[in-house]
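Here, residue 1 is the first one in the sequence, and each next residue gets the next number. From a predicted model like this one, the values you see are computed outputs, not experimental measurements.
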Amino acid sequence: MNYKVIYTNSKKRLAELWNIKFFRYAILLHSFYFFLSIIVTLFFLRTQSDFYVYYKVGEIYVNNPNNLYNPAYYVDIWPFRYLPLSALLFVPYYLLGFNLGFIIFNFINFILNILISVILYKVIILVRGDDHEREDKRIILYICFYLIGLPQVFNYILGQINLYVTLLILLSLFIFLKFKKTKYQLLASFIVGISIIIKPTAIFMIPFIIVLNYNFEKKRISFDLKLSFLRLFGVLLPLSVNVVMFLIYPDLLTGFLGTNFTGSETVLLNHSFSITKIISNMLLFIGVPSNELNVLPIFISVLLVLGCFGFIFYIFRRFNKNNLIYGYTFGMLIMFLAYFDSWDHHLLNLIPLLIIMLFNLPRSSELTRKYIKPSFFFLSFLGLVFTGIFWFTQLFFPFNFASTIFLILIFIGVSRYCILKN
């Protein structure tokens with residue numbers, strides 16, 4: 001590998017991009033988000049940030065890993081909900097101290113956004129439809145929209161870990177689509193497994209990597225057992241390491257399940273835009289006592305309905321080329337609509353998939369015009385505004401449903417694309 005050539009080409013490409021006015025503004029605004037987060041979090045929202053939870057997790061893991069999910073260690077802050085192995089990631093930040101740890105953490109987030117932009121560009125070039133422009137200015141424009149979207153500033157200020165997941169999801173998608181050899185399919189699925197260890201956002205994408213669909217010409221179900229098994233093995237291999245943690249520290253499994261599905265935090269009235277949370281907020285609003293409310297049946301019901309419909313539509317899709325783009329999207333939508341806590345910063349995992357769809361679908365398709373593009377712009381620039389409105393209306397109208405509507409709209413649009421012949 002000639003690093004001098006790579007450096008020269010990269011420098012030349014960056015100079016070309018810098019000549020694009022919108023690109024310059026996007027980089028400057030995104031940099032402003034980064035520096036704003038340092039000031040706001042370190043001086044004003046120190047203990048309200050998600051990074052503070054990660055910092056505590058690093059401390060607990062160093063001193064007593066068995067207490068990772070012990071609510072006594074998370075008084076007045078959000079509990080730790082990820083798989084136990086992910087706690088290892090936060091130990092270095094605890095050792096660095098909060099201030100330096102947060103600055104380095106967000107600097108890595110900044111670098112991750114650069115890498116995400118590069119991989120997103122490569123995926124779009126790989127799957128771009130024939131009726132799209134061959135030049136890449138429009139691709140650069142949408143990547144810039146991703147960089148300046150409001151979920152970015154929310155993610156930076158909170159010190160969230162979503163960008164690790166986004167990078168790994170896009171990288172796995174790129175490998176799945178570009179390389180068909182067995183070893184690459186295994187690698188891509190392994191990367192999906194790693195992303196779930198870091199944060200379980202992508203867990204409902206697992207069924208959609210199974211190679212299963214209805215063949216309309218032969219009128220039968222086609223199932224590639226070998227490739228499906230390989231992909232599932234690749235995902236489950238890194239996840240299985242958590243079993244070791246659960247065996248070494250028996251309290252972790254009960255704590256993990258309780259925190260995620262039956263803990264008191266699951267019934268809190270808050271601004272999550274998931275269907276499950278909207279239903280639980282409604283029950284609290286009409287007078288159901290929080291100590292009598294169990295969110296788990298609501299979550300399972302919503303998950304089963306969305307999961308079954310999404311998987312059926314995906315099986316009966318009328319295309320196989322680049323189908324994983326839509327499988328990934330289904331998995332992400334099911335997570336955001338079903339799990340009780342879905343926040344605006346989580347949308348950084350979905351928005352790049354919407355951009356990819358915009359370039360994979362026909363340029364003037366009805367799906368693009370009516371479903372994907374309006375949802376992309378709303379979730380990127382207006383969803384957080386409606387979350388802000390929630391804080392003023394929660395006493396008499398505790399429902400943050402605007403983003404929910406657009407997530408459902410995307411779900412309907414992708415479903416229609418799967419099952420309609422044209």
Side-chain angles (χ1 to χ4, degrees), residues 41 44-54 56 69-82 150-151 153-155 157-160 162 199-201 204 255-306 333-350 378-379 382-408:
T41 304
F44 302 102
L45 300 177
R46 186 185 187 89
T47 57
Q48 285 78 47
S49 66
D50 288 328
F51 180 79
Y52 186 74
V53 178
Y54 301 153
K56 291 290 291 181
Y69 304 105
N70 187 339
Y73 286 79
Y74 299 98
V75 180
D76 297 328
I77 60 173
W78 291 104
F80 179 60
R81 292 197 176 119
Y82 309 160
L150 292 183
V153 68
F154 197 27
N155 189 75
I157 288 175
L158 290 177
Q160 252 291 341
N162 297 298
K199 190 172 184 177
T201 314
F204 296 131
F256 175 76
L257 295 174
T259 302
N260 279 283
F261 302 111
T262 58
S264 58
E265 295 80 10
T266 63
V267 297
L268 290 176
L269 191 148
N270 60 42
H271 57 280
S272 166
F273 49 69
S274 76
I275 295 174
T276 299
K277 180 54 69 176
I278 289 173
I279 294 172
S280 72
N281 280 357
M282 181 186 66
L283 293 172
L284 290 171
F285 184 63
I286 62 176
V288 177
S290 59
N291 59 345
E292 295 179 12
L293 180 60
N294 186 353
V295 175
L296 186 58
I298 305 172
F299 164 68
I300 292 174
S301 302
V302 176
L303 176 62
L304 286 175
V305 171
L306 292 174
L333 289 170
I334 291 166
M335 168 57 86
F336 292 163
L337 289 170
Y339 191 60
F340 56 88
D341 278 348
S342 296
W343 316 109
D344 292 271
H345 55 76
H346 291 152
L347 295 171
L348 292 175
N349 300 147
L350 176 66
F378 180 88
L379 297 174
L382 292 174
L384 194 58
V385 174
F386 281 84
T387 296
I389 292 172
F390 171 89
W391 293 106
F392 295 99
T393 64
Q394 60 178 313
L395 292 178
F396 57 89
F397 191 76
F399 308 105
N400 181 21
F401 63 87
S403 294
T404 318
I405 292 172
F406 282 92
L407 291 173
I408 294 172

Could you tabulate the donor-acceptor pairs under 3.5 Å formed by side-chain atoms of residues 273-280, not counting sequence neighbours?
{"from": "Ser274", "atom 1": "OG", "to": "Lys277", "atom 2": "N", "distance (Å)": "3.0"}
{"from": "Ser274", "atom 1": "OG", "to": "Tyr339", "atom 2": "O", "distance (Å)": "2.8"}
{"from": "Ser274", "atom 1": "OG", "to": "Phe340", "atom 2": "O", "distance (Å)": "3.3"}
{"from": "Thr276", "atom 1": "OG1", "to": "Ala338", "atom 2": "O", "distance (Å)": "2.4"}
{"from": "Lys277", "atom 1": "NZ", "to": "Thr266", "atom 2": "O", "distance (Å)": "3.1"}
{"from": "Lys277", "atom 1": "NZ", "to": "Leu268", "atom 2": "O", "distance (Å)": "2.7"}
{"from": "Ser280", "atom 1": "OG", "to": "Lys277", "atom 2": "O", "distance (Å)": "3.0"}

Exercise. How many angstroms lie between CG in Leu150 and CG in Leu347, if you round to the nearest 0.5 Å?
Worked result: 11.0 Å
Problem set entry | Non-hydrogen atoms of Tyr54 and Gly159 that approach each other most closely | CE1-O, 3.2 Å
Problem set entry | Any donor-acceptor N/O pair, Asn155 side chain to Pro151 backbone, under 3.5 Å | no
Seminar exercise, completed: Between Leu269 and Asn281, the two heavy atoms sitting closest are CA-OD1, 3.4 Å
Problem set entry | Test item: Ser342 side-chain N/O and Ser272 main-chain N/O as donor-acceptor pair under 3.5 Å | no
For this session: Test Asp50 against His345 for side-chain contact (heavy atoms from CB on, under 4.5 Å), laying out the working first.
Result: CA-CA 11 Å; Asp50 288 328; His345 55 76; 4.0 Å; yes
Exercise. Less than 4.5 Å apart, any side-chain heavy atom of Leu348 and any of Gln160?
Worked result: no
Exercise. Does the gap between the ring centers of Tyr74 and Phe80 come in under 6.0 Å?
Worked result: no
Problem set entry | Heavy-atom pair of closest approach, residues Trp391 and His271 | CZ2-ND1, 3.1 Å
For this session: Working to the nearest 0.5 Å, report the span between CG of Leu337 and CZ of Phe299.
Result: 11.5 Å
Problem set entry | Worked check of side-chain contact (heavy atoms from CB on, under 4.5 Å) between Phe336 and Thr404 | CA-CA 9 Å; Phe336 292 163; Thr404 318; over 6 Å; no
For this session: Identify the heavy atoms of Leu384 and Phe154 that sit nearest to each other, and give their distance.
Result: CD1-CD2, 3.8 Å
For this session: Using the side-chain contact (heavy atoms from CB on, under 4.5 Å) rule, pick out the option among Leu333, Leu303, Leu306 that qualifies with Phe204.
Result: Leu303
For this session: With sequence neighbours left out, write down each residue that passes side-chain contact (heavy atoms from CB on, under 4.5 Å) with Tyr73, or none if nothing qualifies.
Result: Ile60, Asn67, Asn70
Exercise. Taking only residues two or more places apart in sequence or in another chain, which ones pass side-chain contact (heavy atoms from CB on, under 4.5 Å) with Pro297?
Worked result: Asn294
Problem set entry | Under the side-chain contact (heavy atoms from CB on, under 4.5 Å) test, residues paired with Ile300 that sit two or more places apart | Leu296, Leu304
Exercise. Can you tell if the side chain of Ile389 reaches within under 4.5 Å of the side chain of Phe397, non-hydrogen atoms only?
Worked result: no
Seminar exercise, completed: Residues at least two apart in sequence or cross-chain that pass side-chain contact (heavy atoms from CB on, under 4.5 Å) with Ser290, listed by chain then number, are Val267, Leu284
Problem set entry | Interatomic spacing from CG in Asn260 to CZ in Phe256 - rounded to 0.5 Å | 4.5 Å
Exercise. Can you list every salt bridge (charged side-chain N to carboxylate O under 4.0 Å, His left out) pair that touches residues 335-345, not counting sequence neighbours?
Worked result: Arg81-Asp341
Exercise. When rounded to the nearest 0.5 angstrom, what is the spacing between CZ in Phe406 and CG in Leu382?
Worked result: 8.0 Å
Problem set entry | Where Phe399 and Phe390 come nearest, the two heavy atoms and their spacing | N-CE1, 3.7 Å
Problem set entry | Which atom of His346 lies closest to which atom of Asn162, heavy atoms considered | CD2-OD1, 3.4 Å
Problem set entry | Heavy-atom side-chain proximity of Leu379 to Ser403 below 4.5 angstrom | yes
